Participant: 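Mind looking over this structure? Questions follow.
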Amino acid sequence: MASEIYNGKLLRFKFDAKKLMHATSCKLDFSTKLEEIATKDTDGTVSIPSNYTWSGSAEALLANLPTGDTTHVSFNDILTKKLSGAQIDIEFTTDKTGDVIYSGKAYIESASITADVGSSAKVSISFKGNGNLNQAIVV
């Protein structure tokens, strides 16, 4: 059964159908370009919605995949995609029946590693959608 309020622990990104290993946070952004029109017959500006863009980011702990793990993707896998310039399939979902799932294709814009003394190494990934972001319901 779908949850009424989404549990942040369950909502996560999948890259090429695999969950990011040890993800700690994720964010999906939507933006609409507004065309501003002013004429000699208007005192103010009229805004008309145009195309939209979408992007996202995720943070995780840096870790190697356990031997035989086929359900997760590591930072190194994503970095390899970034360096090759390959497009990647993105999903943002809880995987719970009845909940929404957002999906589309994207390019990895940036990937970084932070390693501070006294704490676990962390990675950050950001990506930019390429084309439509699709909305569906998990079945």
Side-chain angles (χ1 to χ4, degrees):
M1 178 176 177
S3 58
E4 289 186 30
I5 297 174
Y6 284 62
N7 184 334
K9 181 176 173 75
L10 300 178
L11 192 58
R12 64 190 305 166
F13 282 113
K14 290 183 178 180
F15 299 91
D16 288 338
K18 296 181 180 182
K19 297 179 258 184
L20 177 61
M21 184 71 161
H22 291 302
T24 58
S25 69
C26 50
K27 179 180 177 182
L28 186 59
D29 292 309
F30 313 91
S31 180
T32 300
K33 181 179 178 183
L34 296 174
E35 178 184 356
E36 292 188 357
I37 299 172
T39 70
K40 295 177 184 185
D41 298 314
T42 61
D43 291 328
T45 307
V46 176
S47 295
I48 299 174
S50 186
N51 294 342
Y52 70 90
T53 61
W54 61 278
S55 60
S57 61
E59 294 182 347
L61 300 179
L62 182 62
N64 293 325
L65 292 179
T67 303
D69 186 335
T70 59
T71 62
H72 289 91
V73 64
S74 71
F75 174 78
N76 289 330
D77 297 330
I78 291 172
L79 183 59
T80 298
K81 287 277 190 179
K82 185 207 176 339
L83 294 175
S84 73
Q87 190 169 244
I88 192 165
D89 291 318
I90 302 287
E91 292 179 0
F92 193 52
T93 182
T94 63
D95 280 334
K96 297 290 181 190
T97 301
D99 282 355
V100 72
I101 179 173
Y102 301 98
S103 63
K105 300 205 176 278
Y107 288 102
I108 304 298
E109 279 191 302
S110 66
S112 63
I113 300 172
T114 302
D116 294 323
V117 173
S119 63
S120 299
K122 297 173 181 80
V123 298
S124 296
I125 301 159
S126 68
F127 54 89
K128 177 105 172 140
N130 188 31
N132 293 337
L133 181 67
N134 305 302
Q135 251 179 299
I137 300 297
V138 178
V139 290

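Just so it is clear, the structure is predicted and the values come from calculations on it, not from any experiment.
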Participant: With a 4.5 Å heavy-atom cut-off, do W54 and N132 have their side chains touching?
Facilitator: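 The answer is no; the side chains never approach within 4.5 Å.
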Participant: Could you check if a side-chain atom of F127 sits within less than 4.5 angstrom of a side-chain atom of E109, using non-hydrogen atoms only?
Facilitator: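 No, their side chains stay 4.5 Å or more apart.
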Participant: Distance-only check: which donor-acceptor pairs under 3.5 Å involve side-chain atoms of residues 40-50, not counting sequence neighbours?
Facilitator:
unit_1: T42; atom_1: OG1; unit_2: T39; atom_2: N; d: 3.1
unit_1: T42; atom_1: OG1; unit_2: T39; atom_2: O; d: 3.2
unit_1: T42; atom_1: OG1; unit_2: G44; atom_2: O; d: 3.1

Participant: Can T80 and D77 be counted as having a side-chain donor-acceptor contact under 3.5 angstrom?
Facilitator: no
Participant: As a quick check of understanding, evaluate side chain to side chain contact (heavy atoms under 4.5 Å, CB included) for T53 and K33, giving each step before the final call.
Facilitator: CA-CA 8 Å; T53 61; K33 181 179 178 183; over 6 Å; no
Participant: Side chain to side chain contact (heavy atoms under 4.5 Å, CB included) between T24 and L61: does it pass, once the steps are laid out?
Facilitator: CA-CA 7 Å; T24 58; L61 300 179; 4.2 Å; yes
Participant: Quick one: closest heavy-atom pair of S74 and A63, and the distance?
Facilitator: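 For S74 and A63, the tightest heavy-atom pair comes out as CB-O, 4.1 Å.
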Participant: What distance separates S124 OG from L62 CG, expressed to the nearest 0.5 Å?
Facilitator: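 Between atom OG of S124 and atom CG of L62 there are 11.0 Å.
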Participant: With the side chain counted from C-beta on, respond yes when V138 and K96 share a heavy-atom pair under 4.5 Å apart, and no when they do not.
Facilitator: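 Not touching, per the 4.5 Å side-chain cut-off.
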Participant: Once rounded to the nearest 0.5 Å, what's the spacing between atom NZ of K27 and atom CD of E59?
Facilitator: 10.0 Å
Participant: Supply the atom-to-atom distance I125 CD1 to I113 CD1, rounded to the nearest 0.5 angstrom.
Facilitator: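 Output value for this atom pair is 10.0 Å.
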Participant: Let me check something: any side-chain donor-acceptor pairs from residues 10-18 under 3.5 Å, sequence neighbours excluded? List them with distances.
Facilitator:
unit_1: R12; atom_1: NH2; unit_2: L20; atom_2: O; d: 2.8
unit_1: K14; atom_1: NZ; unit_2: D95; atom_2: OD1; d: 3.1
unit_1: K14; atom_1: NZ; unit_2: D95; atom_2: OD2; d: 2.8
unit_1: D16; atom_1: OD1; unit_2: D89; atom_2: N; d: 3.0
unit_1: D16; atom_1: OD2; unit_2: K81; atom_2: NZ; d: 3.2

Participant: Are I88 and I108 packed together at the side-chain level, in the sense that at least one heavy-atom pair is separated by less than 4.5 angstrom?
Facilitator: yes
Participant: Do V100 and L133 sit in the same hydrophobic cluster, where Ile, Leu, Val, Met, Phe, Trp and Tyr count as joined when their side-chain heavy atoms come under 4.5 Å apart?
Facilitator: yes
Participant: Calculate, to the nearest 0.5 Å, the distance between atoms NZ and OG1 belonging to K9 and T94 respectively.
Facilitator: 13.5 Å
Participant: State, with a plain yes or no, whether a side-chain heavy atom of D69 is found less than 4.5 Å away from one of M21.
Facilitator: yes
Participant: If hydrophobic clusters are built by linking Ile, Leu, Val, Met, Phe, Trp and Tyr wherever their side-chain heavy atoms come under 4.5 Å apart, do I78 and Y107 end up in the same one?
Facilitator: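 In one cluster: no.
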Participant: I'd like to check L28 versus Y102 (side-chain heavy atoms, cut-off strictly below 4.5 Å). Are they in contact?
Facilitator: yes
Participant: So if I apply the side-chain hydrogen bond (donor to acceptor under 3.5 Å, both in side chains) rule between S126 and each of S57, S112, S110, which one comes out positive?
Facilitator: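 Exactly one pass, corresponding to S110.
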Participant: Just how far is it from atom CZ of F75 to atom NZ of K122, taken to the nearest 0.5 Å?
Facilitator: 14.0 Å
Participant: Atom OG in S55, atom CZ in F30: separation rounded to 0.5 Å?
Facilitator: 9.0 Å
